[in-house]
A.B. asks: 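Encoded as structure tokens, here's the structure I'll be asking about.
Below, chain A is the first sequence line, B the second, and so on; all start at residue 1. Computed from a predicted structure; not experimentally measured.
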Amino acid sequence: MAGSDVDLVTLRHSAAHVLAQAVKELYPEVKLGIGPAIEDGFYYDFDRSEGFTPEDLEKIEAGMKKIVAANLPFTRREVTREEAESIFANEPYKLELIRDLAEDAVLTVYEQGGFVDLCRGPHIERTGLVKAFKLLSVAGAYWRGSEKNPMLQRIYGTAFPKQKALDEYLTRLEEARKRDHRKLGKDLDLFSFHEEGPGFPFWHPKGTIVYNQIVEQWRSLHTSRGYQEVRTPMILNEALWHRSGHWDTYRENMYFVDIDEQTYAVKPMNCPGVMLIYKDNLRSYRDLPMKFAELGHVHRHEKSGVLHGLFRVRAFTQDDAHIFCRPDQIQTEITDVIALIGSIYEKYGFKDYRIELSTRPAKSIGSEEVWTAAENALQEALKTAGIAYAVNPGDGAFYGPKIDFHVRDSMGRSWQLGTIQLDFSMPERFDLEYIGEDGKPHRPVMIHRAALGSLERFMGIIIEEYAGAFPLWLAPTQIIILPIADRHADYANEVAARLKAEGLRVSVDSRNEKTGFKIREAQIQKIPYMLIVGDREASEGKASVRKRESGDLGAMPVDEFIASLRNELTV
RNA sequence: GCCGACGUAGCUCAACGGUAGAGCAACGGUUUUGUAAACCGUAGGUUGCGGGUUCGAUUCCCAUCGUCGGCCCCA
């Protein structure tokens, strides 16, 4: 398997070279950036003032087909720095790359059909091997990934060894589009966005039911593990944010309001508010750990270009919690949090997740010693728990290092959900204390953590995960009752009342429509169960059950149906 | 924020310089219906918002807001 992965990478990298060759042949004035293979394909960056139109992409694709048909050999050649500089004399970006290569680096170029590119390789043998490829899109991308650099035109494409694999990939893209949460959110009437508040989601009744179900599950798991739920204010005065360090490190993402000649900030994070709760009482070593959970609605002024449905919004609810503990409790606490997060994911079928440890970022607060201590503590906790993890240098929060949970969904996509952040700085800044066994004040440690990350993003993820077909416990409408004709409405309402009495979410479709039509609509609305009731059912106290996934299950007594739902809900 | 594309009825789309059109949904009627779409009719839009060009703009130009695909960021 590993072998074939490498081949795919090589194939795509070579396809990127073919793309660059085609572009250079069509538009010789274009300057080359870089063109690597990426997870699902490849891209190549070009500097061209006019950009590329979809028609240009078609021409380029045709050019690539010719190059593939010519079956040109790729040849590798080692060159001296001087040779390289002369070959790429008209390619400023390549020259920059050459300049930045280590003194003793071996420079290589690859050539096919007169097109030469600076490249480490490897490549496939001949262009004819690029059998199945397609250019997908064009987008701006900063040279070397920095917004300080010029923006180049990036052409994305993908390539596979066989046409069948390419077709399957394109079908998969199509499938992913069908389950896009933005589309399903509209189709299923879950939420909306409006010009009046870009990036601020509006939860409709059905979406709110799903949201509340998630919260209910979250809440019961937390209270049973000793968390105490709190709520802190949405806006707090400027002084607090200076003290927390947000003013200096996070201000550009914050909203402010001026009232009574004071500046208030809308909270972008919940921690400073919770600090005040901790400080409101004298704490004993016996009180620790204290675990304050908060479904905190935070606002962050994200740049307009990054907004993306529910995945990236400007107001969201973190399933936050702050654990205040003694230094000797860090490991147990972190181990507990890891276990809790795992049990929350399990309910959604997310069993495949990986953990990453992120260390001190460039923009941060706190001393070197404190950071090292915090990073070591997290690492120790992970090692003791025997959990494998990768390290992301420089990716931590400004107040401390963190562990992130990345889950893989049913479509193989990865999402960052949970996070555990260890913080020695904030307790320092807020001068938090607890009285130890020795009767003297000591500094507690704070652990910030979230399991779902943001309820909004999580909703987006599970909408796509389930393609809108929520499991019974989450479904906005769990059961819809479909009376065959007007004369069955009373019986339908009677059955509905019995189900409602059981706490089930049920509705009755008594419209003047044919049963086939009502079933079709209920299927499109992805309602888990349909109960069809007519003369036969009414006379026997039964209901014909139709399940969303498996269709007609036949008639059964209403009690029996209720019992089976009870059973399904407790699994 | 940056690059590019796109905003037409509740939804999905058409018309692309000459008085804005379809399907679905909505509403009214007929039908009383048995496991994924009955039939007939009615209504619905200062074409995102603001300027400009033109005899005339949904169509061309400018600006602005929003959305989409990426980049930089990020829960």
Side-chain angles (χ1 to χ4, degrees), chain A residues 43 45 48-54 56 136-156 177 180 182-183 186-187 189 192-199 250 252-253 268-270 296 298 300-320 395 397 402 404-405 415-419 421 448 450-458 460-461 482-489 510-525 530-537 544-548 551-555:
Chain A
Y43 68 77
D45 286 342
R48 183 183 191 228
S49 46
E50 314 90 284
F52 295 100
T53 63
D56 290 337
L136 298 170
S137 62
V138 56
Y142 296 113
W143 166 239
R144 301 184 108 178
S146 168
E147 60 183 341
K148 294 189 182 74
N149 290 337
M151 183 158 270
L152 307 181
Q153 300 296 318
R154 176 169 298 177
I155 296 179
Y156 284 95
R177 264 194 287 278
D180 187 315
R182 291 167 298 190
K183 176 173 162 40
K186 185 167 284 210
D187 293 349
D189 197 15
S192 58
F193 285 96
H194 301 272
E195 266 188 45
E196 290 80 353
Y250 209 72
E252 69 267 25
N253 283 309
M269 295 186 195
N270 305 301
V298 297
R300 297 183 183 175
H301 185 72
E302 303 291 353
K303 289 186 286 188
S304 57
V306 307
L307 301 179
H308 184 90
L310 293 173
F311 289 159
R312 195 71 182 277
V313 293
R314 284 179 170 152
F316 57 98
T317 307
Q318 295 181 302
D319 66 316
D320 218 344
D395 220 21
K402 60 177 186 174
D404 288 326
F405 289 70
W415 305 99
Q416 198 216 300
L417 296 181
T419 180
Q421 306 173 355
H448 310 244
L452 306 174
S454 123
L455 268 298
E456 284 72 9
R457 179 179 283 180
F458 190 71
I461 292 166
L482 313 178
I484 300 277
D486 288 350
R487 64 178 180 280
H488 308 119
S510 47
R511 290 177 303 170
N512 174 12
E513 296 289 353
K514 297 203 179 230
T515 307
F517 179 81
K518 293 182 185 179
I519 288 173
R520 178 181 153 78
E521 293 220 326
Q523 285 289 153
I524 289 169
Q525 284 299 306
M530 285 154 252
L531 294 185
I532 292 117
V533 294
D535 292 330
R536 295 200 294 269
E537 291 79 7
S544 283
V545 180
R546 182 187 165 97
K547 198 171 179 180
R548 179 178 60 196
D552 192 357
L553 300 181

A.B. asks: Please report the distance, rounded to the nearest Å, between CG in A/Leu482 and P in B/G34.
C.D. replies: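 Nearest whole value for this atom pair: 13 Å.
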A.B. asks: Between B/A36, B/U32, B/A75, which one does the side chain of A/Arg487 approach most closely?
C.D. replies: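 Among B/A36, B/U32, B/A75, the one nearest the side chain of A/Arg487 is B/U32.
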A.B. asks: Quick one, give me the B/S/- string for nucleotides 61-71 of chain B, reading 5' to 3', where B means a protein heavy atom under 4.0 Å from the base and S means that only happens at the primed atoms, P, OP1 or OP2.
C.D. replies: ----SSSSBBB
A.B. asks: Provide the closest heavy-atom pair for A/Asp395 versus A/Lys402 in the form atom of the first, atom of the second, distance.
C.D. replies: O-CE, 3.2 Å
A.B. asks: Just checking, is any N or O donor in the side chain of A/Glu537 or A/Ser544 under 3.5 Å from an acceptor N or O on the other one?
C.D. replies: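 Result is yes, a qualifying pair exists.
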A.B. asks: Base, sugar-phosphate, or nothing: which does A/Gln153 touch, judged by heavy atoms less than 4.0 Å apart?
C.D. replies: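 A/Gln153: backbone/sugar contact only, no base atoms under 4.0 Å.
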A.B. asks: Determine the Euclidean distance between corresponding C1' atoms of B/G48 and B/A36; express it in Å to zero decimal places.
C.D. replies: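 It works out to 36 Å between them.
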A.B. asks: Rounded to the nearest angstrom, tell me the gap between atom CD in A/Gln523 and atom C1' in B/A37.
C.D. replies: 13 Å
A.B. asks: When you compare the side chains of A/Asp45 and A/Gln153, does any donor N or O come within less than 3.5 Å of an acceptor on the partner?
C.D. replies: no
A.B. asks: To the nearest Å, how far apart are A/Asp395 CG and B/C74 P?
C.D. replies: 7 Å
A.B. asks: Select from A/Leu452 and A/Leu152 the residue whose nearest nucleotide in RNA chain B is closer to the 5' end of that strand.
C.D. replies: A/Leu152
A.B. asks: Rounding to the closest angstrom, what is the interatomic distance between B/C11 and B/U67 at atom P?
C.D. replies: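 Per the computed distance, 15 Å lies between those P atoms.
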A.B. asks: Work out how far the C1' atom of B/U64 is from that of B/C6, and round it to whole angstrom.
C.D. replies: 15 Å
A.B. asks: Heavy atoms only, 4.0 Å cut-off, all strands: where does A/Val313 land among base, sugar-phosphate and nothing?
C.D. replies: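 A/Val313: base contact, heavy atoms under 4.0 Å.
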A.B. asks: Looking at the base of B/G34, is there any donor atom on it, or on the side chain of A/Glu537, that sits under 3.5 Å from an acceptor on the other one?
C.D. replies: yes
A.B. asks: Please give the distance between the P atoms of B/G50 and B/U8 as a whole number of Å.
C.D. replies: 16 Å
A.B. asks: Between A/Tyr156 and A/Ala139, what is the shortest heavy-atom contact and its length?
C.D. replies: CE1-CB, 4.4 Å
A.B. asks: A/Asp486 CG to B/U33 P: how many Å, rounded?
C.D. replies: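 Spelled out: CG on A/Asp486 to P on B/U33 is 10 Å.
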A.B. asks: Under 3.5 Å, is there a donor-acceptor pair between the side chain of A/Gln318 and the main chain of A/Met269?
C.D. replies: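 No; judged by distance alone, with no hydrogens or angles, the pair does not exist.
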A.B. asks: Does A/Asn149 use its side chain to pair, donor to acceptor, with the backbone of A/Arg144 at less than 3.5 Å?
C.D. replies: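 Answer holds: no.
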A.B. asks: Using a cut-off of 4.0 Å between protein heavy atoms and nucleotide atoms, how would you tag nucleotides 23-29 of chain B 5' to 3' with B, S and -?
C.D. replies: --S----
A.B. asks: What I want to find out is whether A/Asp535 reaches A/Arg487 closely enough, with some N-O distance under 4.0 Å, to be called a salt bridge.
C.D. replies: yes
A.B. asks: When you compare B/G17 with B/C55, how far apart are their C1' atoms, in angstrom units rounded to a whole number?
C.D. replies: 12 Å
A.B. asks: Once pairs are restricted to Watson-Crick or G-U wobble with both distances under 3.5 Å, how does RNA chain B read as a dot-bracket string, [ ] for crossings and | for other-strand pairs?
C.D. replies: (((((((..((((....[..)))).(((((.......))))).....(.(((..]....))).))))))))....
A.B. asks: Can you name the nearest heavy-atom pair linking A/Lys518 to A/Pro483, along with the distance?
C.D. replies: NZ-O, 3.1 Å
A.B. asks: Taking B/G45 as the reference, what is the distance to B/A14 when you measure between their C1' atoms (whole Å, please)?
C.D. replies: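 It comes out at 14 Å once rounded to the nearest Å.
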A.B. asks: Which of these nucleotides, B/G34, B/C11, B/A38, is closest to any side-chain atom of A/Lys186?
C.D. replies: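 For A/Lys186, the side-chain atoms sit closest to B/C11.
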A.B. asks: Any carboxylate oxygen within less than 4.0 angstrom of a Lys/Arg side-chain nitrogen, looking at A/Arg300 and A/Glu252?
C.D. replies: no
A.B. asks: Check whether the ring centres of A/Phe458 and A/Trp415 lie less than 6.0 Å apart, and answer yes or no.
C.D. replies: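 Here the rings of A/Trp415 and A/Phe458 have centres that are no less than 6.0 Å from each other.
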A.B. asks: Could you tell me whether the side chains of A/Gln416 and A/Arg457 share a donor-acceptor contact shorter than 3.5 Å?
C.D. replies: no
A.B. asks: For B/U58 and B/C71, measure between their P atoms and round to the nearest Å.
C.D. replies: 37 Å
A.B. asks: Could you state the atom-to-atom distance from CZ of A/Arg520 to P of B/G34 in whole Å?
C.D. replies: 17 Å
A.B. asks: Find the distance A/Arg300:CZ to B/G1:C1' and express it as a whole number of Å.
C.D. replies: 18 Å
A.B. asks: Which part of the nucleic acid does A/Gln525 contact within heavy-atom distance under 4.0 Å: base, sugar-phosphate only, or nothing?
C.D. replies: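 A/Gln525: no heavy atom of the nucleic acid under 4.0 Å.
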A.B. asks: Can you work out whether A/Gly418 or A/Lys303 has the more 5'-proximal nearest nucleotide on RNA chain B?
C.D. replies: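 The residue mapped nearer the 5' terminus is A/Lys303.
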A.B. asks: Identify the heavy atoms of A/Val545 and A/Asp552 that sit nearest to each other, and give their distance.
C.D. replies: O-OD1, 3.5 Å
A.B. asks: For A/Arg48 and A/Asp56, run salt bridge (charged side-chain N to carboxylate O under 4.0 Å, His left out): C-alpha distance rounded to whole Å, both residues' side-chain angles, the deciding distance at 0.1 Å, then the answer.
C.D. replies: CA-CA 12 Å; A/Arg48 183 183 191 228; A/Asp56 290 337; 3.3 Å; yes
A.B. asks: Roughly, in whole Å, what's the span from CD in A/Glu252 to P in B/C72?
C.D. replies: 18 Å
A.B. asks: Would you indicate what A/Asn253 reaches in the nucleic acid, counting non-hydrogen atoms under 4.0 angstrom: base, sugar-phosphate, or nothing?
C.D. replies: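 Contact class for A/Asn253: none.
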A.B. asks: So A/Lys402, base contact, sugar-phosphate only, or nothing? Heavy-atom distance under 4.0 Å.
C.D. replies: sugar-phosphate
A.B. asks: Could you tell me how far B/C24 sits from B/G66 if I compare only their C1' atoms? Round to whole Å.
C.D. replies: 26 Å
A.B. asks: Measure CG/A/Asn270 against P/B/A75 and give the value in whole Å, please.
C.D. replies: 13 Å
A.B. asks: Please name the residue in the list A/Lys547, A/Glu521, A/Gln523 that meets the side chain to side chain contact (heavy atoms under 4.5 Å, CB included) test with A/Met530.
C.D. replies: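 Exactly one candidate clears the test, A/Gln523.
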